[in-house]
Amino acid sequence: MKAIYNNILRSISEDKKGLAVLIDPDKMIVEKASGFIEKVNQSIATHIFVGGSTVDDHTTEILVAQIKKHSHLPIVLFPGDVSQITNHADALLFLSLISGDNPDYLIGKHIKAVSKLRDSSLEVIPTGYILIENGKQTSVERVTQTKPLSRENAQIIVDTAKAGALLGMKLMYLEAGSGALEPVPNEIISFVKLELNIPLIVGGGIRSKQQLNEAYDAGADLVVIGTAFENDEAFFEELKAQ
């Protein structure tokens, strides 16, 4: 069953954009999740992503089960480690950090995940993950011990994305990182989109509706926002569903 991926493709064919609210299990108090999720439900969000670079064991499973009680939006795992995989979610971004040269995050973690996924009902979506520098070190950079690609070299970013697509990735994710000082430049989003025939996800550093719309206009099919909502839940007011 590939309902979530097919729905993304259908939305693109209908010229509809997606918004994923990213929830980090280590930053969300489970007892307060229902109030936060209610704001998500009233917004234009189309997906809920759950994950973080470093998360305590079982925290993700507990949080996802709680979210399920309060929202009908698809819950997609955005894991930093195998321990964050739970069957309570609907889908899993099977992330390969193709911008880095750490074999553990290119394929090593994936091999360890197979035993959990073999009999799982999760929809597994192969996703190329490209980290782009934003002006400060991110948790992804620190945990994976890899360097982000320079925003000054658009061609290597484009070529990396294209290589991932040729390898068979179903989604491509351009990531500036959690709490990024600057989002992925719109010019880079446009250049990458021109080379791809798969959906493009963009995340990191987006803090306003204007930046969100600019990312959409540049070619992002689905935008991920996390820190902006963590720091200011009033941001949901700007993104209320009509």
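Each residue takes its place number in the sequence, starting with 1. Hydrogens, waters and symmetry mates play no part in the numbers below; they use all other heavy atoms, side chains included.
Within 6.0 Å of NZ on Lys193 lie more than 12 heavy atoms contributed by other residues, nucleotides or ligands. For Gln210, the CD atom sits in a loose shell: 12 or fewer heavy atoms of surrounding residues, nucleotides or ligands are nearer than 6.0 Å. A 6.0 Å sphere centred on CD1 of Ile29 holds no more than 12 heavy atoms belonging to other residues, nucleotides or ligands. Counting non-hydrogen atoms of other residues, nucleotides and ligands closer than 6.0 Å to CG of Asp101 gives a total of 12 or fewer. More than 12 heavy atoms of other residues, nucleotides or ligands lie within 6.0 Å of OH in Tyr5, so this atom counts as buried by the packing criterion.
Note on Leu171 and Phe191: separate hydrophobic clusters, where clusters join Ile, Leu, Val, Met, Phe, Trp and Tyr whose side-chain heavy atoms are under 4.5 Å apart, directly or indirectly. Tracing side-chain contacts under 4.5 Å through hydrophobic residues (I, L, V, M, F, W, Y), one reaches Leu73 starting from Leu63; they form part of the same cluster. Each of Val224 and Leu149 belongs to its own hydrophobic cluster when Ile, Leu, Val, Met, Phe, Trp and Tyr are linked at side-chain heavy-atom distances under 4.5 angstrom. Linking ILVMFWY residues whenever their side-chain heavy atoms come closer than 4.5 Å, directly or via other members, leaves Leu22 and Leu239 in distinct clusters. Under a hydrophobic-cluster definition in which Ile, Leu, Val, Met, Phe, Trp and Tyr are linked whenever side-chain heavy atoms come within less than 4.5 Å, directly or via other members, Ile48 and Phe94 are assigned to the same cluster.
A side-chain donor-acceptor contact under 3.5 Å links Asn134 to the backbone of Ala176. Checking side-chain atoms of Asp232 against main-chain N and O of Ala228 turns up no donor-acceptor pair under 3.5 Å. At distances below 3.5 Å, not a single donor-acceptor pair connects side-chain atoms of Lys39 with backbone N or O atoms of Phe236. Asn41 places a side-chain N or O within donor-acceptor distance of the main-chain N or O of His70, the cut-off being under 3.5 Å. Distance alone, capped at 3.5 Å, places no donor-acceptor pair between the Ser96 side chain and the Ile98 backbone. Between the Arg207 side chain and the Pro183 main chain, no donor and acceptor come within less than 3.5 Å of each other. Side chain of Ser11 to backbone of Lys17: no donor-acceptor contact under 3.5 angstrom is found. Panel note: side chain Gln84, backbone Gly52; a donor-acceptor pair is recorded below 3.5 Å. Thr127 places no side-chain N or O within donor-acceptor distance of the main-chain N or O of Met172, the cut-off being under 3.5 Å. A side-chain donor-acceptor contact under 3.5 Å links Glu123 to the backbone of Ala3.
Going from atom CD of Glu141 over to atom OG of Ser178 covers 13.0 Å, rounded to the nearest 0.5 Å. Going from atom CD of Glu238 over to atom OG of Ser208 covers 7.0 Å, rounded to the nearest 0.5 Å. We find the CD-CD distance between Glu152 and Glu133 to be 6.5 Å, quoted to the nearest 0.5 Å. Remark: Ile62 CD1 to Met28 CE distance equals 14.5 Å, nearest 0.5 Å. In this structure, OG1 on Thr144 lies 11.5 Å from CG on Leu95, to the nearest 0.5 angstrom.
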Assess the residue pair His47 and Ile8 against the criterion (side chain to side chain contact (heavy atoms under 4.5 Å, CB included)); give the C-alpha distance rounded to whole Å, side-chain angles, the decisive distance to 0.1 Å, and a yes or no. CA-CA 10 Å; His47 299 77; Ile8 293 174; 4.1 Å; yes
I would like to know whether Tyr173 and Phe78 meet ring pair (Phe, Tyr, Trp, His ring centres under 6.0 Å); could you show each step before the answer? CA-CA 11 Å; Tyr173 196 136; Phe78 176 62; 5.2 Å; yes
List the steps, then state whether side chain to side chain contact (heavy atoms under 4.5 Å, CB included) holds for Thr160 with Ile157. CA-CA 5 Å; Thr160 301; Ile157 296 172; 5.8 Å; no
Would you please test Phe229 and Val21 for side chain to side chain contact (heavy atoms under 4.5 Å, CB included) and show each step? CA-CA 8 Å; Phe229 292 128; Val21 175; 3.8 Å; yes
Go through Leu222 and Phe49 one step at a time and tell me if the side chain to side chain contact (heavy atoms under 4.5 Å, CB included) criterion holds. CA-CA 12 Å; Leu222 191 152; Phe49 283 9; 4.2 Å; yes
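A side-chain donor from one of Tyr129 and Glu175 sits under 3.5 Å from a side-chain acceptor of the other.
Taking the side chain as every heavy atom from C-beta outward, Ile23 and Ile37 approach each other to under 4.5 Å. Taking 4.5 Å as the limit, every side-chain heavy atom of Met169 sits out of range of all side-chain heavy atoms of Leu196. Annotation: side chain of Ile85 is in contact with side chain of Leu117 (closest heavy-atom distance under 4.5 Å). Counting heavy atoms from C-beta on, the side chains of Ile12 and Pro199 come closer than 4.5 Å.
A salt bridge links Asp90 to Lys68: at least one charged side-chain nitrogen sits closer than 4.0 Å to a carboxylate oxygen.
The residue from Leu77, Val76, Ile4 that alone fulfils the side-chain contact (heavy atoms from CB on, under 4.5 Å) condition with Leu92 is Leu77.
Heavy-atom minimum distance, Val50 versus Pro25: CG1-CG, 3.7 Å. Residue Val192 comes nearest to Ala161 through the heavy atom pair CG1-CB, 3.8 Å, listed as atom of the first residue, atom of the second, then distance. Heavy atoms only, all atoms of each residue included: Ala89 and Val64 are closest at N-CG1, 3.6 Å. Pairing each heavy atom of Leu131 with each of Ser99, the nearest pair is N-OG, 3.0 Å. Smallest separation of non-hydrogen atoms from Leu174 and Ile189: CD1-CA, 4.3 Å. Annotation for Glu195 and Val158: closest pair CG-CG1, 3.2 Å, computed over non-hydrogen atoms.
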